[in-house]
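Following: one structure in structure tokens, then a few remarks.
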Amino acid sequence: MKIASWNVNSLNVRLPHLQQWLQDFAPDVVALQETKLEDSKFPDAALAELGYRSVFCGQKTYNGVALISRLPFTSECVTAIPGFDDPQKRVLAATISAPGSQDPAQAIRIVDLYVVNGEAVGSEKFEYKLRWLAAVREWLREEMRQHPNLVVLGDFNIAPDDRDVHDPKRWREKILCSTPERESLRGLLDLGLHDSFRLHNEDGGHFSWWDYRLAAFQRGWGLRIDLVLVSEALRARCVAAGIDTAPRERERPSDHTPVWVELA
DNA sequence: ATGGTTGACGTTCAA
């Protein structure tokens, strides 16, 4: 069972890329970020033609998240961080039934996050990022209690450590790499979540995002800021994890490329 | 040289 995450940076523009990638990679579940679409504009019919059900929570111009799945959703989705007042559409949680099983204990909880970018360390948006992450932590604590089979994935807008940065000196204490952001991510992992990529790859130089500017992708100037976190119960079933750079090679790509995990 | 690019109800903002 393959579960992936992709910040598409406008699903309106990237729908053909997504359709192609669904056929090439055949994921079972994909979490999308930055759809930038109101719910009435979501292309659920086009995705249904490829065998995917959709749930989504979007807004015009900015943000927007969605989950698409070949397996049925078994619950109503959650579209906001409980108790955290926020007009920005950045979270979506749903439960899917395991392949070939109706057993609720086998179901998998998926939490899709589009973490606040934060603009610059010390800015107002940076403070919002840290507050937002603190609220997510309390929410995930409760999600973990209710769902042993938990996957938390998305655009975290945080590179976990210097192996995840093409030039750590240049990025030292900069946005996406600062100590407060990394400590906030550590707070999520300390709930009992594991960075699936690091279960299978210890080395640096693997990235999921490259700035559009300065031909960063061609120069290898990337960061690994898109993550798939798995709970302890799913850690044992995590047989592979990776990053598929093929969509980033295409014409008019998203600045992010899909990251994925395979569960036995 | 504080650089440049993409997307969106674009003449600016967010990433």
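Numbers restart at 1 for each chain; the letters A, B, ... are given by sequence-line order, proteins then strands. Below, each value reflects all heavy atoms present in this structure, side chains not excepted, and no hydrogens, waters or symmetry copies.
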Q. Going by distance alone, is a donor N or O of one side chain under 3.5 Å from an acceptor N or O of the other, for Ser97(A) and Gln102(A)?
A. no

Q. If we ignore angles and hydrogens, is there a donor and acceptor under 3.5 Å between the side chains of Asp244(A) and Trp21(A)?
A. yes

Please give the distance between the [atom1] atoms of [N] and [M] as a whole number of Å.
| N | M | atom1 | answer |
| --- | --- | --- | --- |
| dC9(B) | dA15(B) | P | 15 Å |
| dA1(B) | dT11(B) | P | 32 Å |
| dG10(B) | dT5(B) | C1' | 15 Å |

Q | Cation over ring face, Arg170(A) and Trp221(A), 6.0 Å, 45° | A | yes

Q: Starting at the 5' end of nucleotides 5-15 of chain B, put B wherever the base has a protein heavy atom under 4.0 Å, S where only the sugar-phosphate does, and a dash everywhere else.
A: BSSSB----SB

Q. Using the ring of each side chain (for Trp, its six-membered ring), is Phe56(A) parallel, tilted or perpendicular to Phe42(A), with breaks at 30° and 60°?
A. parallel

**Q.** salt bridge (Lys or Arg N to Asp or Glu O under 4.0 Å) partners of Arg53(A), counting only residues at least two apart
**A.** none

